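Encoded as structure tokens, the structure appears first; notes follow it.
For the single chain, residues carry numbers from 1 onward in sequence order. Every value quoted in this text rests on a predicted model; they were computed, and no experiment measured them.
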Amino acid sequence: MTSGPAQQRGFRDPAVLLPFILITLTWSSTWIVIKDQLGADPATAVPPPWSVAYRFVIAAAAMFAVAFAVRAKLNLGPRGQLFAAAIGIPQFCFNFNLVYAAELYVTSGLVAVVFALLMVPNALFARLFFGQRTSARFLAGSAVALAGVALLFAQEMRAAPVSAAATLAGIGLTLLAVLSASVGNVLQLAGEVRSRSIVAMLAWGMLYAAIANTAFAAIGWGAPVVEARPLYWLGLAYLGVIATVIPFFFYIRIVRAVGPAKAAYSSVLIPILAMSISTVAEGYRWSTLAIAGGILAIVGLIVALSTGRIPAPAPPD
């Protein structure tokens, strides 16, 4: 696979930096909302696969509405449809079901911290399948950031109120989610994907994911479960539109502009911001480990993302 012609883009470009900040802030709030979706009592709450299915039915409908509004070319052809499914099902079906399942075992904070490892498979897969290299400064900054993530991980493990077996299950599910998300990220470098509209690819990818999610929920959990709680449906609307349709459009543009490794740095910042939100919403108290981890992660990010510009294609809208 090849990455084709490219233009120079980097984080100094406001068209990259501002959306990066937007999606990072948005996704930092989703962990608490997902936790609420799971309900205080799992026995009476909507099963997580049905919550994921509802989320992507909403997201797919909203993305197709955007596609029609901007007159995106929705006829992708057979190969385009194949790539849309190959991106959508791992990214929006496997990934999200695994994240929701992980939060049944461990805290949302621990899931967010483990997900910060996304930049690792993104960098490896981009190098292995597309020959996209990373600079020595990026690697050094990433090493510092990962040291910070390790401290955050140690803090969340120390604070985890569950058994060792539940913790291992939650971490394992999150790591599988990271790999699934990475597949969807890295496939954005394929020429068959880059040459097509982001909106159209996302619309079809989310539709395929909605179908797969619904089938998975129906086979494994039976008929749809509906919750009467208004906050559940408000949260679902937020997750489906504000936290899925809008940020994924910008995130894919960033992936195509600077590469999947650098784009995944949003996942490094998210647990820090999520903890900050939790400080206000849930009374989270910062420990010395958490403070040190947050500082290291931010320093690593500054070093890694100040590496000049990477040749990357201009993403079509």
Side-chain angles (χ1 to χ4, degrees), residues 9 13-30 33-34 37 51-96 99 180-181 183-214 233-258 260 263-264 266 270 312-317:
R9 302 291 295 278
D13 184 345
V16 174
L17 180 61
L18 295 179
F20 179 83
I21 294 171
L22 172 66
I23 64 174
T24 302
L25 290 172
T26 303
W27 281 340
S28 297
S29 68
T30 61
V33 182
I34 290 173
Q37 295 274 292
S51 287
V52 176
Y54 297 152
R55 175 175 179 171
F56 281 96
V57 167
I58 293 171
M63 189 58 80
F64 270 104
V66 172
F68 283 116
V70 301
R71 299 182 179 180
K73 184 180 179 182
L74 288 170
N75 183 9
L76 302 179
R79 286 184 63 81
Q81 293 289 354
L82 181 63
F83 272 98
I87 290 170
I89 292 176
Q91 180 87 63
F92 304 128
C93 178
F94 298 159
N95 171 28
F96 280 84
V99 165
S180 299
V183 171
N185 283 197
V186 175
L187 277 176
Q188 295 297 327
L189 298 179
E192 292 279 0
V193 176
R194 286 201 328 271
S195 63
R196 292 175 167 85
S197 161
I198 292 174
V199 174
M201 291 296 290
L202 282 174
W204 285 109
M206 288 179 182
L207 176 60
Y208 290 129
I211 294 169
N213 286 325
T214 301
W233 293 101
L234 286 173
L236 197 62
Y238 176 81
L239 291 172
V241 179
I242 305 300
T244 301
V245 171
I246 297 171
F248 267 107
F249 169 76
F250 288 115
Y251 182 73
I252 298 307
R253 287 181 62 88
I254 294 170
V255 169
R256 295 190 187 186
V258 303
S266 63
I270 282 170
D317 293 335

Self-check item: Rounded distance (nearest 0.5 Å) linking atom CG of Leu74 with atom CD of Gln81
Solution: 9.0 Å

Quiz prompt | Spacing of Leu207 atom CG and Ile211 atom CD1 [to the nearest 0.5 Å] | solution = 4.5 Å

Exercise. Identify the two heavy atoms, one from Gln188 and one from Val255, that lie closest to each other, and give their separation to 0.1 Å.
Key: CB-CG1, 3.7 Å

Exercise. Quick one: pull up CD1 in Ile21 and OG1 in Thr26 and give me the separation to the nearest 0.5 Å.
Key: 11.5 Å

Practice problem: Over all heavy atoms of both residues, which pair between Met201 and Arg256 is shortest? Give the atoms and the distance, please. | Solution: CG-NH2, 4.4 Å

Quiz item: Can you tell me how far the CG atom of Leu239 sits from the CD1 atom of Ile58, to the nearest 0.5 Å?
Solution: 9.0 Å

Quiz prompt | Nearest heavy-atom neighbours spanning Pro90 and Ser180 | solution = O-CB, 3.4 Å

Practice problem: Answer whether the closest heavy-atom distance between the side chains of Ser28 and Thr24 falls below 4.5 Å. | Solution: yes

Quiz item: Backbone N or O of Phe249 within a donor-acceptor pair of the Arg253 side chain at under 3.5 Å?
Solution: no

Quiz prompt | 4.5 Å side-chain heavy-atom contact, Ile252 and Leu202 | solution = yes

Practice problem: Would you confirm whether Arg79, through its side chain, and Glu192, through its main-chain N or O, come within 3.5 Å as a donor-acceptor pair? | Solution: no

Quiz item: What distance do Tyr238 atom OH and Ile34 atom CD1 have between them, rounded to the nearest 0.5 Å?
Solution: 10.5 Å

Quiz item: Short question: side chain of Asn213, backbone of Val57 - any donor-acceptor pair under 3.5 Å?
Solution: no

Quiz item: Where do Pro247 and Val241 come nearest, in terms of heavy atoms and distance?
Solution: CD-O, 4.3 Å

Self-check item: Distance-minimising heavy-atom pair for Val245 and Ala59
Solution: CG2-O, 3.4 Å

Self-check item: Validation row: Ile254, Ile23 side chains within 4.5 angstrom (heavy atoms)
Solution: yes

Quiz item: What is the distance from atom OG of Ser195 to atom CZ of Phe83, rounded to the nearest 0.5 Å?
Solution: 9.0 Å

Self-check item: Min side-chain heavy-atom separation Phe56-Thr214 under 4.5 Å
Solution: no

Quiz item: Do Gln91 and Asn185 have side chains that get closer than 4.5 Å, going by heavy atoms?
Solution: yes

Quiz item: Relative to the ring of Tyr251, is the ring of Phe248 parallel (under 30°), tilted (30 to 60°) or perpendicular (over 60°)?
Solution: perpendicular

Practice problem: For Arg55 and Leu236, work out which heavy atoms get closest and say how close. | Solution: N-CD1, 3.9 Å

Quiz item: Is any side-chain heavy atom of Met206 less than 4.5 Å from a side-chain heavy atom of Thr244?
Solution: yes

Exercise. Report yes or no: does Trp27 contribute a side-chain atom to a donor-acceptor pair with the main-chain N or O of Ala243 at less than 3.5 Å?
Key: yes

